[in-house]
Amino acid sequence: MSHKSNICYVCESCSINVLSAVEQIGYKGQSLAVDMAYSLCQSCGMEFVATEQILANDRAVIIAKRRADHLLTPEEIHQARAVLA
């Protein structure tokens with residue numbers, strides 16, 4: 001089920017706070033700190049992760065893993081290609 005971050009899927013309130021928290025992700029024997037987004041309904045207190053937040057969180061995990069592996073991030077690759085173009 002996908003949700004918009006500006007509407008609660010339980011009570012349909014538009015009083016939503018978009019928040020983030022640092023989560024520890026295990027990767028190759030290390031613990032990586034990754035900033036993860038989520039939403040909190042001010043009306044009913046429901047916490048949920050909207051579709052766009054899931055996608056952003058997935059990108060944040062990929063970037064953290066690439067940094068742990070000493071690889072370029074997607075943004076760094078894009079910047080390098082722009083310089084070469």
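Quick note: numbers below take in every heavy atom, side chains included, and nothing from hydrogens, waters or symmetry partners.
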How close do [X] and [Y] get, heavy atom to heavy atom, and via which atoms?
X     : Y     : value
Gln53 : Val18 : NE2-CG1, 3.5 Å
Ala60 : Val34 : CB-CG1, 3.6 Å
Phe48 : Ile7  : CZ-O, 3.6 Å
Asn57 : Ala37 : OD1-N, 2.7 Å

ask   = Near Glu75 CD, under 6.0 Å, is it more than 12 heavy atoms from other residues, nucleotides or ligands?
value = no
- Can you establish whether the number of heavy atoms outside Gln24 located under 6.0 Å from its atom CD is more than 12? yes
4.5 Å side-chain heavy-atom contact, [X] and [Y]:
X     : Y     : answer
Lys28 : Asp69 : yes
Leu84 : Gln79 : no
Val10 : Cys41 : no
Ser13 : Cys44 : no

About how many Å separate [atom2] of [Y] and [atom1] of [X], when rounded to the nearest 0.5 Å?
X     : Y     : atom1 : atom2 : value
Leu71 : Lys65 : CG    : NZ    : 12.5 Å
Asn17 : Tyr38 : CG    : OH    : 9.0 Å
Arg66 : Tyr27 : CZ    : OH    : 9.0 Å
Asn6  : Cys14 : CG    : SG    : 6.5 Å
Met36 : Ile25 : CE    : CD1   : 5.0 Å
Cys8  : Met46 : SG    : CE    : 7.0 Å

- Is there a chain of hydrophobic side chains (I, L, V, M, F, W, Y, each step under 4.5 Å between heavy atoms) that links Leu40 to Val49? yes
